[in-house]
Number of protein chains: 2
Amino acid sequence: MKLSQGVEWALHCCSVLALVPPGHTLTAARLAEFHEVPPAYLAKQLQALARADVIAADPGPKGGYRLARPADRISVLDIVLAVEGDEHAFHCEEVRQRGPAACAPPAYRRPCGIALAMGRAERAWRDELRGTSVAHLVMDLALHIHPEAAQKGAAWMEGALR
Amino acid sequence: MKLSQGVEWALHCCSVLALVPPGHTLTAARLAEFHEVPPAYLAKQLQALARADVIAADPGPKGGYRLARPADRISVLDIVLAVEGDEHAFHCEEVRQRGPAACAPPAYRRPCGIALAMGRAERAWRDELRGTSVAHLVMDLALHIHPEAAQKGAAWMEGALR
DNA sequence: GGAATCTCGGATAGATAATATCCGTATTGT
DNA sequence: ACAATACGGATATTATCTATCCGAGATTCC
């Protein structure tokens, strides 16, 4: 059980995009530069976020990425599912229906207790992520960022905006 | 984010082992037969469970596997971590410390908000799994199993016990 | 004591997914 | 028309998962 690298990048990118003034955008190349990650690969994650309507893309020159809606309406779960896919971590393969104790399918109308337990855990995980928004992330960032990092970030943003 | 196949097998195996009378065991081959899974690969999962002290192995002829402690003291989390490893799904690579806004390491003593949010979700997931024991799984099984499956299972167990 | 049986651990391949890159297409602003 | 950008597909590389096999160690039966 491991989350892909792209999830972290996507979360950071959305946090940065939340700080972009309305009417402006950031290109994929700039976002990659800011996080020092491979531009071509980050572009893939950004495309996934765009397909999921988490961020919006303006094509053409002067184009770039921006959040698709206000930061307080984008949950961390939205971002994780956009990049990682919305499949559950645990997939029941119904092994109980195999082997010497197997019966006809109608005997297995209820999901097995194991699948239910794993489903509850997945739900708890998703609920927690759904309850945290990009706005929360930015708030936490603003409260705890080192002044020097904030100044450097602001200076970079100035030259990167479009 | 995907859990390995072995997790489902391990959970089912532990449920079956919980039904083994005290003083008896089941061999890896029997457990594989019951679930119709590859014996050699299931053996790997059982070894992982044994290393984590979830189940105990009696070597030699007449040997086999049994639960290492009462079913109500084995959590689903114990089993999942034994098979999957105890690493967190999200691993923060501290991308904030890279790029044009980077500062000296002392500026990053606090974990970033993104890592904290993902950590809370992981904690919620684990808490849910920790709160469910093998005894709960067996209870659910006993309450909802089809009579025919129960009878077949009992008959198989009779010939499989050692 | 010796042989048989079983678990345990490591070594080994193939299959699947993650990581990373490149190129052609579509779109838009200059 | 040209340049810059996002988009999608194709591809290569690497890691992880899945699956199997074999030898070592341990225990019981003869």
Side-chain angles (χ1 to χ4, degrees), chain A residues 1-10 13 17 23-33 35-66 68 80 82-85 87 89-91 93 95 160-162, chain B residues 1-10 13 17 23-33 35-66 68 80 82-85 87 89-91 93 95 160-162:
Chain A
M1 151 122 147
K2 209 191 67 175
L3 284 170
S4 78
Q5 193 67 44
V7 171
E8 182 178 8
W9 301 352
C13 284
L17 287 175
H24 293 248
T25 61
L26 284 177
T27 67
R30 289 292 194 180
L31 284 168
E33 166 195 326
H35 296 106
E36 262 186 38
V37 296
Y41 190 36
L42 178 64
K44 281 271 176 274
Q45 322 297 340
L46 294 174
Q47 286 169 25
L49 288 171
R51 267 195 302 274
D53 283 317
V54 172
I55 63 179
D58 297 335
K62 289 254 166 195
Y65 287 104
R66 52 188 165 80
V80 171
V83 172
E84 199 72 9
E87 291 178 9
F90 180 85
H91 180 245
E93 292 209 357
V95 297
L161 279 180
R162 356 198 22 188
Chain B
M1 150 117 153
K2 209 190 69 176
L3 284 170
S4 77
Q5 193 67 43
V7 170
E8 181 178 9
W9 301 353
C13 283
L17 286 176
H24 292 248
T25 61
L26 284 176
T27 67
R30 289 291 194 181
L31 284 168
E33 166 195 326
H35 297 107
E36 262 184 38
V37 296
Y41 190 34
L42 179 64
K44 280 272 175 275
Q45 323 297 339
L46 294 175
Q47 287 169 23
L49 288 171
R51 267 195 303 275
D53 282 317
V54 171
I55 63 179
D58 296 336
K62 288 253 165 193
Y65 287 104
R66 55 189 164 79
V80 172
V83 172
E84 200 73 10
E87 290 178 10
F90 179 85
H91 180 245
E93 292 211 355
V95 297
L161 280 181
R162 348 198 30 189

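Please read these numbers as outputs of a predicted model, since none were measured by experiment. We name chains A, B, ... by the order of the sequence lines, and we start the count at 1 in each one.
- How far CG of A/L161 is from OG1 of A/T25: 8.0 Å, rounded to the nearest 0.5 Å.
- Distance CD/A/Q45 to CG/A/L31: 12.5 Å, rounded to 0.5 Å.
- Residues A/P39 and B/A29 both approach DNA chain C. Their nearest nucleotides, taken by heavy-atom distance, put B/A29 toward the 5′ side.
- Rounding to the nearest 0.5 angstrom, the gap separating the CG atom in B/D58 from the OG1 atom in B/T27 is 12.0 Å.
- In this structure, A/E33 atom CD and D/dT5 atom P are separated by 12 Å, rounded to whole Å.
- Partners of A/E93 under the side-chain hydrogen bond (donor to acceptor under 3.5 Å, both in side chains) rule, at least two apart in sequence or in another chain, are B/Q5.
- Atoms CG (B/L46) and P (C/dG9) sit 12 Å apart, rounded to a whole Å.
- Each of B/E84 and B/L42 has a nearest nucleotide on DNA chain D; the 5'-most of these lies closest to B/E84.
- A close approach under 4.0 Å does not occur between any side-chain nitrogen or oxygen of A/S4 and OP1 or OP2 of C/dA17.
- Per the geometry, OH belonging to A/Y65 stands 7 Å off C1' belonging to D/dC7, to the nearest Å.
- Between A/W9 and A/V37 there is a side-chain heavy-atom pair separated by less than 4.5 Å.
- Counting to the nearest Å, the P atom of D/dA15 and the CD atom of A/Q5 are 13 Å from each other.
- Taking CG of B/L3 as the start and NE2 of A/H91 as the end, the distance is 12.0 Å to the nearest 0.5 Å.
- Considering only side-chain N and O atoms, A/R51 lies nowhere under 4.0 angstrom from the phosphate OP1 or OP2 of D/dC7.
- In this structure, the CD atom of A/Q47 is 13 Å from the C1' atom of C/dA26, given to the nearest Å.
- When the P atom of C/dT7 is taken as reference, atom CZ of B/R66 falls 13 Å away, rounded to whole Å.
- One interatomic measurement links the two molecules: NZ of A/K2 to P of C/dT16, which rounds to 19 Å at whole-angstrom precision.
- Note on B/A40: a base of the nucleic acid sits closer than 4.0 angstrom, heavy atoms only.
- Nucleotide D/dT18 holds its C1' atom 15 Å from the CG atom of B/L3, rounded to whole Å.
- The distance from the CD1 atom of B/I55 to the CG atom of B/L46 is 4.5 Å, given to the nearest 0.5 Å.
- Using a 4.5 Å heavy-atom cutoff, the side chains of A/E8 and B/F90 are in contact.
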Using the 3.5 Å cut-off, write out each protein N or O paired with an N or O of nucleotides 9-12 of chain D and the distance between them.
| residue | atom | partner | partner atom | Å |
| --- | --- | --- | --- | --- |
| D/dG9 | O6 | A/K44 | NZ | 2.6 |

Sub-3.5 Å pairs of nitrogen or oxygen atoms, protein against nucleotides 2-6 of chain C:
| residue | atom | partner | partner atom | Å |
| --- | --- | --- | --- | --- |
| C/dT5 | O2 | B/P61 | N | 3.4 |

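- Expressed to the nearest 0.5 Å, how far NZ of A/K2 lies from CD of B/E84 amounts to 11.5 Å.
- The phosphate of D/dT20 has neither OP1 nor OP2 within less than 4.0 Å of any side-chain N or O from B/Y41.
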